[in-house]
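Below is one structure; the comments refer to it alone.
Predicted model only: the values in this text are computed from it and were never measured. Both counts, for ligands and for their atoms, begin at 1 and track the order of listing.
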Amino acid sequence: MPSVLVVGGGIAGLWTAVRAAEAGCTVELVTKTELAEGSTRYAQGGIAAALFPDDSAERHYADTIAAGAGLADPEVVRVLCEEGPARVRDLIRFGVGFDRDESGLERGLEAAHSRARIVHAGGDATGAAIEAALVATVRRRSVAVHERTMLLDLLVEGGAVVGAVLLGADGTIVERRADRVVLATGGAGQLYLHTTNPGVATGDGVAAAARAGAELADLEFVQFHPTALAVPGTPLISEAVRGEGAVLRDASGRRFLAEAHPLAELAPRDVVARAVWRTMAGQAGAPVLLDATALGGKALARRFPGLDRIVRDAGFDWSRDPIPVTPAAHYAMGGIVVDLDARTTLPNLFAVGECARTGVHGANRLASNSLLEAAVFAERAARALVATPAPELPDFHESRASRDLSPDLPDVRESRASRDLSPDLPDFRESRASRGGGRAMDRGALRALMWDAAGLERSAAGLEAAASVLASWRAPEVRDRPSAEDRNLLELARRTVAAALARTASVGAHFRTDSVTAQIPSAPFEEAA
Ligand code: SIN
């Protein structure tokens, strides 16, 4: 059985690690911080699947295709929707206690779903419940977990991935060999000034894959969530709140979404986010208001206990008053190109979860499809890892690094790589010249630049100006985790801006103010239902 190195400790990485270990693989999982820290645990809304008698995989398929603004890959969407219910049942077996009412599983409605099909746990703590159950499952399997260990680069030999270069908890850089590497490193919300993502979301896997030569796609499709609380840190206010009946109002108290889409507050996320953005522009940047007062204090506290705490800690009583909300970067629809079994374009390299570009979301992801995507394609990855024949590379299985990994290794072991970089290793000690000349990059400036030029609305002029500023910045020398993250953010910012420049027409989450016609306009939602 192949040895497998999984990078990332969210739902996609944990799932793959569990299943690969069950299949008999030797599995190591590395994660940049603690296992539980990552976007999964912050997922509030829930997980969408056709589990109920009034629903079907066909309806879920139609909703996903319609939300994707014409660019979702039908074959991938079919796999997602058909295999989704079985993966939710797997989660129940893993120990996730989805919320129940007298009729069975409790379910919610979210934007652009034609049926209430979102199951949740702990009200708004679905991601945390999934993460906890999978972490407990990983701990029970023979998976060697190395926390505070960051991916720096992939090791490529003869065109195939043979392992990774890691930065360990003690700051040592080591080379780790494995027959398969699975990237499950999540998104890159930290590219943007305002994001719902945690600080770890710096696109490490996507940037490393790019440097190794893997194909990327759709980086221009960044999903902005319409309702982050307009306070520092912009915490997410779940779409499920609108699903329960909350409405959006402008500063004068007027509802404005019906003008943007017949489904008003429950229109696809890109439509709602843009309408919020424009309304804010029309009121000198002041946040719009999410009015959940009709739900009542008791219902808000019962259904959204985590949010109730967040909102009250920020000083608002949302049972009495509308709360200020703003869009924030939330999810990357693009990333590392993969096939239906999570294989990237590089042999032995797999990608699952948000870092992967399956094509399932097209230009705009349907709410609560992300946890489902992670589960469905991690399961398929785990099967393919075993099925994919090991490449016939000289000393591929024989290297010292792959032979003598003890299960209780210090998270990373100082290897030849850290003392004496061979010419084969990725050059993370590039010279100043190879990192680009000019000024050292500054993360805050990069995030502000991306927000202004590659945010909810883009134009050629703004993107070109951003591209030239980004080109003028020098990538940092990799010394520690922050500098490694900065290098990745700069890499992805440049690529995102280039992708946004290349797509000259507006579609889904990518909106060009200078495009004359929208490319493949969203199908009316009713048609799909
Ligand atoms: C939300 O709860 O609104 C976010 C869920 C998602 O991004 O799918």
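Pairs engaging residues 58-106 under the ring pair (Phe, Tyr, Trp, His ring centres under 6.0 Å) rule: Trp15-Phe94 [sequence neighbours left out].
Contact residues for ligand 1 (protein heavy atom closer than 4.0 angstrom to any ligand atom): Gly45, His225, Leu236, Ser238, Glu239, Arg269, His330, Arg365, Ala367, Ser368.
Judged by distance alone, the side chains of Asp63 and His113 never bring a donor and an acceptor atom under 3.5 Å apart.
In summary, Arg254 and Asp250 engage in a salt bridge, as defined by a charged side-chain N under 4.0 Å from a carboxylate O. Under a 4.0 Å N-O distance rule, the pair Glu22/Arg141 qualifies as a salt bridge. Using a cut-off of 4.0 Å between Lys/Arg side-chain N and Asp/Glu carboxylate O, Arg148 and Glu34 are scored as salt-bridged.
In the displayed structure, Arg312 atom CZ is contacted under 6.0 Å by more than 12 heavy atoms of other residues, nucleotides or ligands.
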